[in-house]
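Working notes, beginning with the structure itself.
Positions are given from 1 along the sequence. Because the structure is predicted, anything quoted here is derived from the model rather than measured.
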Amino acid sequence: MNHWSILYRGPLSSCNYSCDYCPFAKLQNTREELLEDGRKLSRFVDWVEKRTENIGVLFTPWGEALFHRTYQTAIIRLSHQPHVRRVVIQTNLSCSLDWLNQCDKSRVALWTTYHPTQTALGKFVAQCESLDRIGVRHSVGVVGLKDHAKEIEVLRAELNPATYLWINAYKRLPDYYSETDLARFRAIDPHFDLNVRRHASHGKACRAGSTAFTVDGDGAVRRCHFIKEPIGNIYTPEFETALRVRPCSNSTCGCHIGYVHMEEPDLYSIFGENVLERIPAFWPTDELVAPRSALPCPA
């Protein structure tokens, strides 16, 4: 049986946050645009339900999607499909979470991100604690701005120790981090060094385009989000014949959702079946996170 990881990104681009490092901050889609996004999303879910492959889906919207019932419904539907091993979405976690109780929680996980300038730390942590109570696995991420280092350390202390906190390196400025900065963030995220550098990728083997691929709202298939040339369309017959191993055509890869699928540096050995939700297979690491009084993370 084929084992696919599909990254879906429809036309949705609206977001309720205004982070200065994001080009989609505070964008608003029109009602017509939201309806069209919902139609395309529903068509994609219909297609997945009819497939027989072992499928994992990661929704990577430009904006915040979980405010919209269409995305909640899509995740609920996909979680109850026996051939869908995992359904994940990237979210700032500012939405209601009650709908998750309708999911098969063994198949759902959330890739959540904390934005210090947009929400209170206590409010975000409370949402994570709600996920623990509901029984939904999740990772937590934050952009590694040096000005936010102290707050990131507080976040680590407040989160359930069983929750992995990853840090996305800020790469817009060269030599942004000193050795002291690097050590400070490594103490929080033991895999931080993987994200600090751009990985040389040209001509190297990658699962992108074979067992991992992206799908847009019109069904166009691309190897990954960072190679724009389509290789097929899921709504055409026998589209899967376009899926094959190809060497990477880009010089470097600097985003986790891209380089995680490269055969080198073999991050599948770190994340295992949790690649889509960005949770290391062997977490928590007792030496790196101190215990606190908290609700246990569901197995």
Give the cluster check for [X] versus [Y]: same hydrophobic cluster or not, with ILVMFWY residues linked at side-chain heavy-atom distances below 4.5 Å.
X	Y	answer
Val245	Tyr268	no
Leu41	Trp99	yes
Val87	Phe67	no
Val57	Ile76	yes
Ile270	Ile279	no

Hey, do the aromatic rings of [X] and [Y] have their centres closer than 6.0 Å?
X	Y	answer
Phe239	Trp47	yes
Tyr177	Phe192	yes
His256	Trp111	yes

Residue pair [X] / [Y], side-chain donor-acceptor N/O under 3.5 Å:
X	Y	result
Asn2	Thr211	no
His225	Thr60	yes
Glu64	Thr91	yes
Thr112	Asn92	no
His191	Tyr164	no
Asp181	Ser178	yes
Arg207	Ser210	no

task: Cation-pi check, Lys146 to Tyr176: give yes when NZ or CZ is under 6.0 Å from the six-membered ring centre and within 45° of the ring axis, no otherwise.
output: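 Positive - Lys146 is close enough to the ring of Tyr176 and near enough to its axis.
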task: Give a yes/no verdict on a cation-pi contact between Arg43 and Tyr235, requiring under 6.0 Å between NZ or CZ and the six-membered ring centre and an angle within 45° of the axis.
output: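 Output yes; distance and angle both within limits.
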Point-to-point distance, once rounded to the nearest 0.5 Å, from [atom1] of [X] to [atom2] of [Y]:
X	Y	atom1	atom2	result
Leu100	Ile75	CG	CD1	7.5 Å
Leu34	Arg69	CG	CZ	16.0 Å
His148	Tyr114	NE2	OH	8.5 Å
His138	Leu131	NE2	CG	5.0 Å
Cys15	Trp62	SG	CH2	12.5 Å
Leu182	Arg186	CG	CZ	4.5 Å

task: Evaluate side-chain contact (heavy atoms from CB on, under 4.5 Å) for Cys248 paired with Met262, printing each intermediate quantity in order.
output: CA-CA 9 Å; Cys248 183; Met262 292 174 59; over 6 Å; no
query: Under the salt bridge (charged side-chain N to carboxylate O under 4.0 Å, His left out) criterion, do Asp46 and Arg77 qualify, and how do the steps go?
result: CA-CA 9 Å; Asp46 289 343; Arg77 285 176 58 186; 2.6 Å; yes
With distance as the sole test, does [X] use its side chain to make a donor-acceptor pair with the main-chain N or O of [Y] at under 3.5 Å?
X	Y	value
Ser269	Asp266	yes
Glu277	Ser139	no
Glu36	Glu33	no
Asp216	Gly219	yes
Arg246	Ala208	no
Arg222	Ile227	no
His80	Gln102	yes
His261	Ala212	no
Thr214	Leu7	no
Ser42	Arg39	no

query: Where do Ala220 and Asn233 come nearest, in terms of heavy atoms and distance?
result: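 Scanning both residues completely, I find the closest heavy atoms to be N-ND2, 3.4 Å.
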With the side chain counted from C-beta on, respond yes when [X] and [Y] share a heavy-atom pair under 4.5 Å apart, and no when they do not.
X	Y	answer
Asn160	Cys128	no
Phe59	Phe44	yes
Leu267	Leu194	yes
Asn250	Phe226	yes
Gln90	Ile257	yes
Leu165	Ile152	yes
Val48	Gln81	no
Asp37	Asn29	no

Answer yes or no: is there an ion pair linking [X] with [Y], defined by an N-O contact shorter than 4.0 Å?
X	Y	answer
Arg223	Glu229	no
Arg156	Glu151	no
Lys204	Glu263	no
Glu273	Arg86	no

query: Considering the options Tyr259, Trp166, Tyr170, which one meets the side-chain hydrogen bond (donor to acceptor under 3.5 Å, both in side chains) requirement together with Asn195?
result: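 So, applying the side-chain hydrogen bond (donor to acceptor under 3.5 Å, both in side chains) to Asn195 and each of Tyr259, Trp166, Tyr170, only Tyr259 qualifies.
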- request: Kindly determine whether Phe124 and His115 satisfy side-chain contact (heavy atoms from CB on, under 4.5 Å), including the steps that lead there.
  value: CA-CA 9 Å; Phe124 181 86; His115 301 279; over 6 Å; no
task: Give the C-alpha distance, both sets of side-chain angles, the deciding distance and a yes or no for side-chain contact (heavy atoms from CB on, under 4.5 Å) between His83 and Glu53.
output: CA-CA 6 Å; His83 63 291; Glu53 294 81 7; 5.9 Å; no
message: Heavy-atom count check: over 12 atoms from other residues, nucleotides or ligands less than 6.0 Å from Arg31 CZ?
response: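 No, not enclosed.
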